[in-house]
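Notes for the one structure printed next.
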Number of protein chains: 2
Amino acid sequence: MTETQEPTRRDQILATAAELFAARGFHGVSVADLGAACGISGPALYKHFPSKQAMLAEMLVSISEELLAVGRARVAEAAGPADAVRALVDWHVEFALGHRPLIIVQDRDWESLPEQAREQVRRLQRQYVDLLAAQLLAQRPDLPRAAAHAAAQAAFGLLNSTPRAGHAISDDALRTLLADMAVAALGSVT
Amino acid sequence: MTETQEPTRRDQILATAAELFAARGFHGVSVADLGAACGISGPALYKHFPSKQAMLAEMLVSISEELLAVGRARVAEAAGPADAVRALVDWHVEFALGHRPLIIVQDRDWESLPEQAREQVRRLQRQYVDLLAAQLLAQRPDLPRAAAHAAAQAAFGLLNSTPRAGHAISDDALRTLLADMAVAALGSVT
DNA sequence: TGAGGAGGTTAACGATCATTAACCTGGCCG
DNA sequence: CGGCCAGGTTAATGATCGTTAACCTCCTCA
């Protein structure tokens, strides 16, 4: 019952789609390209997804949901605000390093989503940023809310620079480098 | 001789193009849209630019050149590495706040550039990041080059989160918030 | 056995777009 | 005066692309 599901065909398609979208942009990949990369061709994708936009929507909604859900769980487990900040940063950098293409697509191509999914993703992302902002406010109650929100957003901007980086540095080194930088940046907010 | 040139028609077109590209993405703006936003219509743009891609190229190459040139000047004026880091961060945040659309377009749509311009922008951006990385290395000679480079890139990722922020916070407050965060983040790199 | 659906295929359609063609117009200069 | 050219216009072109249609072929299972 709790065994891990083997990856379905849809998941494989989504994974290669994420890589192609990350590399060339949503509009830079045709369904023919995408099909070819999956070993099938063009219109066969429509047996699995109703449209090209639906693929983008599915991948972006699901990662936004996962980021938020796990983020909330980590905050709940934390001993206090400082602990929670560290936990959120660690979670985000762990996710970003493990899913580089998705991170790239999420902050480059979210505007190509259909209206409904775009709103959903925006709402999830906003809740996710607010999760971090709330911990900053818990630490420094006199911090203006707008400043806390901007600081949280800036921290994620730092962490999301990850996937664009070359591979001249090991993942482990990059992980601690980025996490330390983000925590230091957030610590400087008064 | 040294008087400031009045903005030419081309510049006005580039400015509105930057705003439209930032709002909807390079592929999300048709030449008809862009013409309409300029008060002329569609093909008239070809009296000023040889192609739509050429507009993108001109704006991205020129801002990359300006960022690098001024960045070098600020470093040259600086008293030492720590001073240079602060100067580079201040310069970048000043530029980013003053040219939000260009910053958005630069890191979202640079892949839509024609081959030649893309290489040129990549080279300029790399030199710009190296400018900051070099100051970090001057401060901490035993820092691995790859780590310095990654740290510099992360700092710019933080600063470039600026333009996407809502306007709930004043530009002045945002300027110092981001600059302090970036400096703190860079200071944490050992 | 044989019906049916899941998952392919290729061909065609319709829309959108960047770009070009062909043409117009008003102001500047010889 | 008269021609030219900078800077517009609208209409046509050609390519690309997402999507649909029509058809095929196993595999499953009653």
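None of these values were measured; they are calculated from a predicted model. In what follows, chains carry the letters A, B, and so on, assigned in the order in which the sequence lines appear, proteins first and then strands, with residues in each chain numbered from 1.
Considering CZ of A:R126 and CG of A:L131, their distance stands at 13.0 Å, rounded to 0.5 Å. Rounded to the nearest 0.5 Å, atoms CG (A:L60) and CZ (A:F21) are 9.5 Å apart.
The pair A:R164-A:D107 counts as a salt bridge, with a side-chain nitrogen and a carboxylate oxygen less than 4.0 angstrom apart. Using a 4.0 Å cut-off between a side-chain N of Lys or Arg and a carboxylate O of Asp or Glu, A:R175 and A:D171 do not qualify as a salt bridge. A salt bridge between B:E77 and B:R72 is absent, with no side-chain N of the basic residue lying under 4.0 Å from a carboxylate O of the acidic one. A salt bridge does not link A:D83 to A:R74: none of the charged nitrogens lies less than 4.0 Å from a carboxylate oxygen. By the 4.0 Å N-to-carboxylate-O rule, B:D33 lies close enough to B:R24 to be salt-bridged with it.
Heavy-atom distances under 4.0 Å link DNA chain D to no residue of residues 19-32 of chain B. Heavy-atom distances under 4.0 Å link DNA chain C to no residue of residues 107-114 of chain B. Of the residues in residues 40-53 of chain B, those lying under 4.0 Å from DNA chain C by heavy-atom distance are B:P43, B:Y46, B:S51, B:K52.
The six-membered or imidazole ring of A:H27 lies away from that of B:F26, with a centre-to-centre distance of 6.0 Å or more.
D:dG7 atom P lies 11 Å from atom CZ of B:R10, rounded to whole Å.
At most 12 heavy atoms of other shown residues, nucleotides or ligands fall within 6.0 angstrom of atom CZ in A:R145.
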For this session: Mind running side-chain hydrogen bond (donor to acceptor under 3.5 Å, both in side chains) on B:Q53 and B:S112 for me, showing each step along the way?
Result: CA-CA 8 Å; B:Q53 278 192 332; B:S112 299; over 6 Å; no
